[in-house]
There are 2 protein chains.
Amino acid sequence: MDRLFHALADTTRRDILRRCVRGELSVSRLAEAYPMSFAAVQKHVAVLERAGLVTKQRSGREQLVRTDPDAVGRARQALDELESAWRGRVDRMARLLADEPRSDEPGSDEPRTSTPRAFDPDEKNTTEGSER
Amino acid sequence: MDRLFHALADTTRRDILRRCVRGELSVSRLAEAYPMSFAAVQKHVAVLERAGLVTKQRSGREQLVRTDPDAVGRARQALDELESAWRGRVDRMARLLADEPRSDEPGSDEPRTSTPRAFDPDEKNTTEGSER
DNA sequence: CTAACGTACAACCAAATGGTTGTAGATGAG
DNA sequence: CTCATCTACAACCATTTGGTTGTACGTTAG
């Protein structure tokens, strides 16, 4: 997740993604379009690749870059969930599922003495992840 | 945009967002939940704030943090567009995003001789932006 | 075979991140 | 008033990023 959003947090990288929407492009082809060195573009592509947003496929001596729709879909969905939660949709659903009449309210009391909630790794996602 | 995605590209920050879904929380309350200093959490909140994802509102001596659903909506929508373009659903949009007058077909030819396309700032967004 | 192209990768650098501690200003409780 | 909280912000540090150049390797064109 971190890697996914990080990859998207750069104008050049988003532009590369958009460029590859219409079809595979070799890295050098891509590099021609930006005011930076080939190596720099190469690195950007590597970031996108580690994030699972694109895949490279060798064709002759060229390396074609192609986007992976599903990866973007995953990111979009994550935001979707967040947004839903916000709007309370999930809240009602959760209450239904747990038939908890009323409780978890952060209302005001809840003397935080007990469990400060030790930080939760991250979402319940189980997609992948390791390395960096 | 950069700031938006960058803000989302951190586990702690996403967790803060999730925590504030159920209600406003003071910064110190938030800080209690993480294995880091108050100042660190303060910085994370600042990042979220600059990205427009949360707003702070003073209440007495506490600073309540509240999420802004619309900001997440904007990010989600950006990804939505990307995904759509991918799937070819919105061919016209892809053309808009890349402002390539025509012949956008990835066909195979297109002897790249013409215009290397000098890099386009970023999407057509006009939200705000500068600095880093 | 040789030359040119496309790629990969290491080394290096300035700037930004994510974290720390310390100090200082407001505000509310006693 | 005085003290304890909550917050803001500066200074500092280690690591990462985004960029550069240079070198080496595989593949295709002549």
Side-chain angles (χ1 to χ4, degrees), chain A residues 1-17 20 24-51 53-66 108 111-113 116 119 122 131-132, chain B residues 1-17 20 24-51 53-66 111-113 116 119 121-122 129-132:
Chain A
M1 263 302 199
D2 283 20
R3 284 211 288 279
L4 220 181
F5 282 115
H6 169 70
L8 289 168
D10 183 281
T11 302
T12 302
R13 250 133 38 197
R14 285 196 304 276
D15 193 76
I16 289 177
L17 284 181
C20 293
E24 308 173 313
L25 286 173
S26 70
V27 180
S28 43
R29 208 59 115 211
L30 277 171
E32 288 170 7
Y34 303 95
M36 63 184 79
S37 69
F38 170 83
V41 173
Q42 205 175 216
K43 281 190 182 182
H44 280 304
V45 171
V47 170
L48 290 168
E49 198 178 12
R50 281 192 305 159
L53 283 164
V54 306
T55 57
K56 288 194 295 189
Q57 181 193 350
R58 173 173 282 104
S59 164
R61 66 186 163 187
E62 293 187 337
Q63 197 75 270
L64 301 183
V65 178
R66 181 175 38 174
S108 47
R112 116 282 205 181
T113 38
F119 184 42
D122 198 1
E131 169 203 4
R132 197 208 166 176
Chain B
M1 263 301 202
D2 283 20
R3 283 213 288 279
L4 221 180
F5 282 116
H6 169 71
L8 289 168
D10 182 282
T11 303
T12 302
R13 276 181 314 247
R14 286 196 304 276
D15 193 77
I16 289 178
L17 283 181
C20 293
E24 307 172 313
L25 286 173
S26 70
V27 180
S28 42
R29 208 57 118 206
L30 277 171
E32 288 170 7
Y34 302 94
M36 62 185 79
S37 70
F38 171 84
V41 173
Q42 205 176 215
K43 281 190 182 183
H44 280 303
V45 172
V47 170
L48 290 169
E49 198 178 11
R50 278 192 309 158
L53 282 164
V54 306
T55 56
K56 288 194 295 189
Q57 181 193 351
R58 174 172 281 104
S59 165
R61 66 184 164 188
E62 293 187 337
Q63 197 76 271
L64 300 183
V65 178
R66 182 174 36 174
R112 117 283 205 180
T113 37
F119 184 43
D122 198 1
S130 60
E131 176 200 1
R132 191 206 173 185

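Note on naming: letters A, B, ... go to the chains in the order of the sequence lines (proteins, then strands), and numbering restarts at 1 for each one.
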Check: Please give, in whole Å, the distance from D:dG18 C1' to A:D15 CG?
Finding: 16 Å
Next item on the list: Show the numbers, then the answer: is there a side chain to side chain contact (heavy atoms under 4.5 Å, CB included) between A:S28 and A:V41?
Entry: CA-CA 8 Å; A:S28 43; A:V41 173; over 6 Å; no
Check: For A:Q42 and C:dC9, is the shortest distance between a side-chain N/O and OP1 or OP2 below 4.0 Å?
Finding: no
Notebook entry, point to check: Backbone N or O of A:V65 within a donor-acceptor pair of the A:E24 side chain at under 3.5 Å?
Noted result: no
Notebook entry, point to check: How many Å lie between CZ on B:R3 and P on C:dA16, as a whole number?
Noted result: 13 Å
Next item on the list: Give the intermediate values and the outcome of side chain to side chain contact (heavy atoms under 4.5 Å, CB included) for residues A:C20 and A:L30.
Entry: CA-CA 9 Å; A:C20 293; A:L30 277 171; 4.2 Å; yes
Next item on the list: Taking only the side-chain heavy atoms of B:H6 (C-beta and beyond), determine which of C:dT7, C:dT17, D:dG18 contains the nearest atom.
Entry: C:dT17
Next item on the list: Report yes or no: does A:R13 contribute a side-chain atom to a donor-acceptor pair with the main-chain N or O of A:A7 at less than 3.5 Å?
Entry: yes
Margin query: In whole Å, I'd like the distance from the CD1 atom of B:I16 to the P atom of C:dG18.
Written below: 11 Å
Item checked: Backbone N/O of A:R29 and side chain of A:S26: donor-acceptor pair under 3.5 Å -> yes
Check: What is the distance, rounded to the nearest whole Å, between atom CG of A:D2 and atom P of D:dT15?
Finding: 19 Å
Check: Whole-Å distance between C:dC5 P and A:E32 CD?
Finding: 12 Å
Checklist line | 5'-most by nearest nucleotide on DNA chain D - A:H44 or B:S28 | finding: B:S28
Check: Separation of A:L25 atom CG from C:dG6 atom C1', in whole Å?
Finding: 14 Å
Check: Within the distance-only criterion (no hydrogens, no angle test), does the side chain of B:E49 pair as donor or acceptor with the backbone N or O of B:T55 below 3.5 angstrom?
Finding: no
Note to self: For a quick check, with a 4.0 angstrom heavy-atom cut-off, what is the B/S/- contact string for nucleotides 20-30 of chain C, read 5' to 3'?
What the structure shows: BB-----BB--
Note to self: Could you tell me how far apart A:D10 (CG) and C:dA15 (P) are, to the nearest whole angstrom?
What the structure shows: 18 Å
Check: Quick one: CD on A:Q42 to NZ on A:K56, what's the gap to the nearest 0.5 Å?
Finding: 6.5 Å
Item checked: A:L64 CG - C:dA8 P separation (whole Å) -> 11 Å
